[in-house]
Amino acid sequence: MIRSEVKKVLDDCFAHGVAEGLWSDEAAGKFTVELPKHEGQGDFSTNLALVLAGIEKKNPRQIAQLVAEQLSSHTDLIARVEIAGPGFVNIFIDHDVWRRLIPKIIDRGAAFGKSSVGAGRKVMVEFVSANPTGPLSIGHGRQAILGDSIARLLEATGHDVFREYYYNDAGRQMRVLGESTRARYLELLGEKFTFPEDGYQGEYIVDISRSLIDEQGDGLKDHADVTPFKEQAERYIFKDISSTLERMGIVFDNYYNEHSLYENGLIDDVVAELKAKGYVYEQDNAVWFKTTVFGQEQDRVIIKSSGEPTYRLPDMAYHREKFRRNFDWLVNIFGSDHIATVPDVLAGVKALGYDPDKITVVLHQFVTLTRDGKQVKMSTRKANFITVDELLDEVGVDPVRFFFMMRKADSQLEFDLELAKKQSQENPVYYVQYGYARLCAILRQATEKGFAEPQYDADEARLLTEPEELKLLQTMSTFPSTIEGSALELAPHKIIFYLMELAGQLHSYYNKHKVITDDLPLSRARLCMIKALQVVLKNGLDIVGLSAPQRM
RNA sequence: GCGCCAGUAGCUCAGCUGGAUAGAGCAACGGACUUCUAAUCCGUAGGUCGCAGGUUCGAAUCCUGCCUGGCGUACCA
């Protein structure tokens, strides 16, 4: 918040300099206000003089002198400025400016950090989208948390968010699922059975078969059609998936069934439209989409010679529906194994006359799971995979959410099971939550000792002079821009890092300075700041779906 | 072969889209509980930012070429 004020002042100074003929306006928009890395380099610093020097071919330190003179007249905001290094202008903010943040934060309360940059923007976040062939695996877990956190961040910045799960309950995979279930069913009944070659071997299939026996006895043993097995499996697995999602605090606005695209004729419709526009042709009995027109290396089949569409066709139809449903922004969260589908869908969307720039795809890399120092290969078909449910049982919801958010999507995420279990006491999530609990403890203690609800007083606030206090205030001031950046970049890990930083500063402060002392004015001032910290930490945890325990 | 992603401390990862002296957490070592919660803090140690060029006042960050790992490269999804 303060940074943007500084930027505004700097912009004024820059314009003023242009008006006075000190420099041309060529540098407009090229200079920045940043947070210096090291102590003693001011609260903010600007490279304006360096940028100007490059353009004007002048000595950067001389120009810095001019910039500094302009800036130092803004005494309401800036206490002093310094020229340093090759020509940076370091800006020291008046301490009162930081202190005045406290009432602003407390007054805004739960709304502090939220913004309206996304107001009026309808955005769909599509994520998970796992077909109902088994329980959610670790990889799905990452995607679920990533997608949900992104959705939450977009909500916090005023977007009108719609969470959607796209799934397919038809096709070969589901047929194999039905056959696997039938095989286990027959096995349980002691009948002869043949397990499908690439069938699903998980224990959950046996559970499903058992439930069929409970409901229908052996009445299905001579049933030639796999449909009842398939349907039972789908019902069962979907229930399982949604309960897992619910445990993580994830609720979808809609589950979109791929199959409905066929029923509504939307698949045929897309083919017809592409055909009419000349983007498809037939060859070897298959229908090809001219993806080469859109810059790809080779054309792609959208209808196989068997007459069955490939996955690309329904994907295109689905995305066209997204556009037709009037979303301004389409965010797709995919695993990196789906990377090949992205260009095809984008080409399809473009061919159908929609703007592919409205789609942002977040590709996340895989989660590698290690147990006893060895990597566990995960396969949905084989039985040896860890489900999200098991993970939740072992380490709890908050650590699972936290861990999956800790890494940026581009990075592979290593999840060491042993470590996750062993460390459950010293998990970074507890570090942040403990900070919040501590703040609550201080405020409880204050109440017991007869302090009234913290009330900001400008004079008392001047007693906040410790470097740790000013640092905390500065960090709090960047909360709104951190949320906004994290949301617009679709990068929840930034919030996690912010929270760890803020909690760290708090813990250091706590160990060094006592809030409640015999010095009543100072105690009141500090309690006010603690109250503001509590607001920030609570909001931060809330926004990414973590709980904020008052005691630990 | 081609495309995408990654390569930063012993390990796991940040690094604000080009800034000043490279950051955190684990792990290691040494300290701090008569105190608002020690699930905490303080200190020490740890680096050729994969390699080599290039762009400029300035590069972990941008461009090129290699090397290594992951994921793709289907008439599977």
According to a strict under-4.0 Å criterion, is [X] in side-chain N/O contact with OP1 or OP2 of [N]?
X	N	result
A/Ser411	B/rA14	yes
A/His38	B/rG23	yes
A/Lys30	B/rG18	no
A/Lys514	B/rU35	no
A/Lys408	B/rC5	no
A/Arg444	B/rU37	no
A/Tyr431	B/rC41	yes

**Request:** Please check if the distance between the ring centroids of A/Phe289 and A/Tyr281 is under 6.0 Å.
**Result:** no
**Request:** Determine, using ring centers only, whether A/Tyr165 and A/Tyr256 are less than 6.0 Å apart.
**Result:** no
Heavy-atom donor-acceptor pair, [X] side-chain to [N] base, under 3.5 Å:
X	N	result
A/Asn47	B/rA20	no
A/Thr310	B/rA77	no
A/Ser306	B/rC75	no
A/Tyr430	B/rA39	no

**Request:** Would you kindly give the CG-to-C1' distance between A/Asp337 and B/rA74, to the nearest whole Å?
**Result:** 15 Å
When we call it a touch if two heavy atoms are under 4.0 Å apart, what does [X] touch: a base, just sugar-phosphate, or nothing?
X	value
A/Asp284	base
A/Tyr434	base
A/Ala53	nothing
A/Asp299	nothing
A/His513	base
A/His493	sugar-phosphate
A/Tyr510	base

**Request:** Hey, which sits more toward the 5' end of RNA chain B by its nearest nucleotide, A/Gln365 or A/Ala84?
**Result:** A/Gln365
**Partner nucleotide of B/rG18 by Watson-Crick or wobble geometry (both distances under 3.5 Å)** = none
**Request:** Write down the partner of B/rU64 under the Watson-Crick or G-U wobble criteria, each distance required to be under 3.5 Å.
**Result:** B/rA52
Distances for protein N or O near nucleotides 42-49 of chain B N or O, under 3.5 Å:
from	atom 1	to	atom 2	distance (Å)
B/rC42	OP1	A/Ser508	OG	2.8

**Inter-residue atom distance A/Arg80.CZ - A/Ile91.CD1, 0.5 Å rounding** = 12.0 Å
**Message:** Please classify the glycosidic conformation of B/rU17 as syn (within 90° of 0) or anti (everything else).
**Reply:** syn
